[in-house]
Amino acid sequence: MAIQLRLRDTIEIIDRAIPWAGSELAAYAWYRSKSLRSLGDAAAEELVRLGHGEKVRANLGRIAVGGFA
């Protein structure tokens, strides 16, 4: 079940990032490597692996409405 949850988080987060990343490949690269300052400088991939996918989704939600990450 935990693996399915992480997979769902991964897909949802990458899908949300595609519009501003420019492509699926760029969104995946962002997911794997970009440090998220507001989330302790961890990459989204690491946060999802640790069970914090909701924090990443909330962070992306703030960005979507014009907030700062």
Side-chain angles (χ1 to χ4, degrees):
M1 182 69 164
I3 292 172
Q4 290 174 328
L5 181 60
R6 287 195 307 265
L7 181 58
R8 187 199 73 197
D9 285 342
T10 298
I11 292 167
E12 190 175 314
I13 290 165
I14 291 172
D15 281 348
R16 286 176 138 189
I18 290 170
W20 51 263
S23 70
E24 290 179 18
L25 186 59
Y28 183 67
W30 167 86
Y31 173 81
R32 297 211 53 213
S33 62
K34 178 68 176 162
S35 296
L36 303 174
R37 177 181 250 170
S38 64
L39 296 176
D41 287 325
E45 179 182 46
E46 180 180 359
L47 292 164
V48 168
R49 187 172 16 88
L50 295 172
H52 301 296
E54 180 58 39
K55 290 181 181 181
V56 178
R57 286 193 307 275
N59 182 276
L60 291 175
R62 285 190 299 276
I63 292 169
V65 295
F68 293 99

Q) So which pairs with a foot in residues 14-58 pass ring-ring contact (aromatic ring centres under 6.0 Å, His included), sequence neighbours left out? A) Trp20-Trp30

Q | Qualifying residues under side-chain contact (heavy atoms from CB on, under 4.5 Å), relative to Ala26, sequence neighbours excluded | A |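 Counting only residues at least two positions away or on another chain, Ala26 forms a side-chain contact (heavy atoms from CB on, under 4.5 Å) with Ala21, Ser23.
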
Q: Enter the distance from Leu47:CG to Leu36:CG here, rounded to the nearest 0.5 Å.
A: 6.5 Å

(Q) Return the OG1 to CG distance between Thr10 and Leu5, rounded to the nearest 0.5 Å. (A) 9.5 Å

Q: Determine which pairs satisfy salt bridge (Lys or Arg N to Asp or Glu O under 4.0 Å) with at least one residue from residues 7-23, sequence neighbours left out, and list them in order.
A: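 Qualifying pairs, neighbours excluded: Asp9-Arg57, Glu12-Arg57.
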
**Q.** Within residues 21-32 or reaching into it, pairs that qualify as salt bridge (Lys or Arg N to Asp or Glu O under 4.0 Å) - sequence neighbours excluded
**A.**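 For residues 21-32: Arg32-Glu45.
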
Q) Other hydrophobic cluster members with Leu50, side-chain heavy atoms of Ile/Leu/Val/Met/Phe/Trp/Tyr under 4.5 Å, chained? A)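 None; Leu50 is a cluster of one.
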
Q. Ile11: which other cluster members, linking ILVMFWY side chains closer than 4.5 Å, directly or transitively?
A.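 Once heavy-atom contacts under 4.5 Å are chained together, Ile11 belongs with Leu7.
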
Q: List the atom of Val48, the atom of Gly53, and the distance in Å for their closest heavy-atom pair.
A: CG2-CA, 3.9 Å

